[in-house]
**Student:** 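If you scroll down you'll find the structure; I have some questions about it.
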Amino acid sequence: MVVILFFGRLSKLTAAVSHNRGASPTAGVPNPGPRGPGSDSELKPDKDGVSDSESKVDSGVPEVPVPPDDTPEVLNKALSGLSSRWKNWWVRGILTLAMISFFFIIIYLGPMVLMMIVLCVQIKCFHEIITIGYSVYHSYDLPWFRTLSWYFLLCVNYFFYGETVTDYFFTLVQREEPLRILSKYHRFISFFGWTHVTLLIVVTQSHLIIHNLFEGMIWFIVPISCVICNDIMAYMFGFFFGRTPLIKLSPKKTWEGFIGGLFATIVFGILLSYVMASCRYFVCPVEFNNDSNSFQVDCEPSELFQLQEYTLPSVLESVTGWTTVRLYPFQIHSIALSSFASIVGPFGGFFASGFKRAFKIKDFANTIPGHGGIMDRFDCQYIMATFVNVYIASFIRGPNPSKVIQQLLALRPDQQLHIFNSLKAHLIEKGLLPAMEVNA
């Protein structure tokens, strides 16, 4: 009901604003400021009797101011002698190294810190989008625009992560009474969270990123690193060799950068996967240990992260001279991940470019000098997160033991006994449970 009233109010206000603009469909938005005689702001008709203002097609969208250059003063002084092209190159490079260093720090701090960072990035991206929307629609005097937006953000996060926390940390949730109530009735409580489409776009993607983290940090680090590598290498190849424009939405994107970034990212993904697949810290899923009352990352690595011997195709054998190679199976999967990051991932950036052009802005914000806002850096990461989650569900993930136990504990005692006897008979038949232990 709140949403119906809100959008009803929006339609009425939009209609009122359109009516007040006058009958001419091409009239521009008048400037309420004072106009002195002979000032440049006077509307002067041209030879056809039409003013300069009226000759411009009204897009119906108020102008959004371009954010100022927030490059740190120390960088401005250090790079003052360079052209704007090379100055931008150095600013982007220095800030890129700073972000990569921060990325390594949060990886060192563990999966729980990574999840908190994902949530912070989600909130910042949402803030940037809502700020643009508020800049456009504040002239329409929409009531509680930002308050309702943040309310819906809270609702959607609660809806998505309520189920995730219950699935992975069932024992912790059941132990705390407030968490048990929020878990049991969370769908009812968060019903209105479904009503905001923009939130579903932002929150769903960060939700999928955290889902990927629960499978092991390698499913987060390798895809996000492939996107970062592709972004850097496509920029480098385009900067030095770019000649052929790729797409009109992003004039600076070139075919040379696109193809160079593709091959560089595939090689990078294979090498990074080889290094990370040998470390349990990266391949084991995060779990809650009820005995130690803490989160832990420790397991026996699956076959996906154990070296296997593969026979090379005849073409590669003739080139390399090798008959077989030893690889982690995950390295083969990394080829699919890095290919998607290089071929399809950039289209998240193209969509964001079209979105920004529609609102006549260069960047979502000016949070990172030379790079724009957080949303400008994560436009490709969101589409990559969706692909990785679907890829895991289709080719990697098996049954979730925690979820099975959770469902069993919710059954009636007679149903639990029936399942117990069926499982016992199955284990005896397979020879996994000795008969003497059963008789005992």
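No experiment lies behind these values; they were computed from the predicted model shown.
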**Student:** Heavy atoms only: give me the nearest Trp219-Pro223 pair and the separation to one decimal.
**Tutor:**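 That closest heavy-atom pairing would be O-CG, 3.0 Å.
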**Student:** Please walk me through it: do Met115 and Phe214 pass side chain to side chain contact (heavy atoms under 4.5 Å, CB included)?
**Tutor:** CA-CA 9 Å; Met115 293 177 193; Phe214 279 120; 3.5 Å; yes
**Student:** Can you list everything that forms a side-chain contact (heavy atoms from CB on, under 4.5 Å) with Glu317? Sequence neighbours excluded, please.
**Tutor:**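 In terms of side-chain contact (heavy atoms from CB on, under 4.5 Å), with neighbours along the sequence ignored, Glu317 is linked to Thr323.
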**Student:** I'd like to check the ring-ring contact (aromatic ring centres under 6.0 Å, His included) partners of Phe395; sequence neighbours left out, ordered by chain and number.
**Tutor:**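 Listed in chain order: Tyr391.
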**Student:** Donor-acceptor pairs under 3.5 angstrom involving side-chain atoms of residues 324-332: please list them, not counting sequence neighbours.
**Tutor:**
residue	atom	partner	partner atom	Å
Gln331	OE1	Tyr328	N	2.9
Gln331	NE2	Ile270	O	3.1

**Student:** Just to verify, what does Arg243 make a side-chain contact (heavy atoms from CB on, under 4.5 Å) with, not counting sequence neighbours?
**Tutor:**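 If we apply the side-chain contact (heavy atoms from CB on, under 4.5 Å) test to Arg243, skipping adjacent residues, the hits are Glu256.
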**Student:** Identify, with sequence neighbours excluded, every residue that meets ring-ring contact (aromatic ring centres under 6.0 Å, His included) alongside Phe340.
**Tutor:**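 By the ring-ring contact (aromatic ring centres under 6.0 Å, His included) rule, Phe340 matches Phe387.
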**Student:** Run the side-chain hydrogen bond (donor to acceptor under 3.5 Å, both in side chains) test against Glu300 and tell me which residues pass, sequence neighbours left out.
**Tutor:**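 If we apply the side-chain hydrogen bond (donor to acceptor under 3.5 Å, both in side chains) test to Glu300, skipping adjacent residues, the hits are Arg280.
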**Student:** State yes or no: are the ring centers of Phe126 and Trp150 separated by less than 6.0 Å?
**Tutor:**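 They qualify: ring centres under 6.0 Å apart.
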**Student:** Test your reading of the model: is there a side-chain donor-acceptor pair from Tyr281 to the backbone of Met217, 3.5 Å cut-off?
**Tutor:**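 Flag not set: sc Tyr281 to bb Met217 has no pair under 3.5 Å.
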**Student:** Mind checking what makes ring-ring contact (aromatic ring centres under 6.0 Å, His included) contact with Trp90, not counting sequence neighbours?
**Tutor:**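 By the ring-ring contact (aromatic ring centres under 6.0 Å, His included) rule, Trp90 matches no residue at all.
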**Student:** In this structure, which one of Thr386, Ile221, Val118, Val388 forms a side chain to side chain contact (heavy atoms under 4.5 Å, CB included) with Asn212?
**Tutor:**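 Filter result, single survivor: Val388.
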**Student:** Just by distance, do the side chain of Ser80 and the backbone of Lys77 share a donor-acceptor pair under 3.5 Å?
**Tutor:**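 The answer is yes, because a donor-acceptor pair under 3.5 Å joins these two groups.
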**Student:** According to side-chain hydrogen bond (donor to acceptor under 3.5 Å, both in side chains), who are the partners of Gln296, at least two apart in sequence or on a separate chain?
**Tutor:**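 Expected list: Asn289.
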**Student:** Please confirm whether Trp86 and Phe239 have ring centers closer than 6.0 angstrom.
**Tutor:**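 Here the rings of Phe239 and Trp86 have centres that are less than 6.0 Å from each other.
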**Student:** Under the disulfide (SG to SG under 2.5 Å) rule, collect the residues that match up with Cys284, sequence neighbours excluded.
**Tutor:**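 Expected list: Cys299.
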**Student:** With sequence neighbours excluded, what pairs up with Thr311 under the side-chain hydrogen bond (donor to acceptor under 3.5 Å, both in side chains) test?
**Tutor:**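 side-chain hydrogen bond (donor to acceptor under 3.5 Å, both in side chains) check on Thr311 returns nothing, list empty.
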**Student:** Under 3.5 Å, side chain of Ser338 to main-chain N/O of Ile335, donor-acceptor pair present?
**Tutor:**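 Looks like yes, one N/O pair under 3.5 Å.
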**Student:** Taking all heavy atoms of Ser225 and all of Phe103, pick out the closest pair and write down the distance.
**Tutor:**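 Closest approach of Ser225 to Phe103, heavy atoms only: OG-CE2, 3.7 Å.
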**Student:** Which heavy atom of Leu208 sits nearest a heavy atom of Ala385, and at what distance?
**Tutor:**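 Residues Leu208 and Ala385, closest heavy atoms: CB-O, 4.1 Å.
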**Student:** Not counting sequence neighbours, which residues clear side-chain hydrogen bond (donor to acceptor under 3.5 Å, both in side chains) with Asn421? List them please.
**Tutor:**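 For Asn421 there are no side-chain hydrogen bond (donor to acceptor under 3.5 Å, both in side chains) partners, ignoring immediate neighbours.
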**Student:** For His127, give me all partners under ring-ring contact (aromatic ring centres under 6.0 Å, His included), at least two apart in sequence or on another chain.
**Tutor:**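 Here no residue qualifies.
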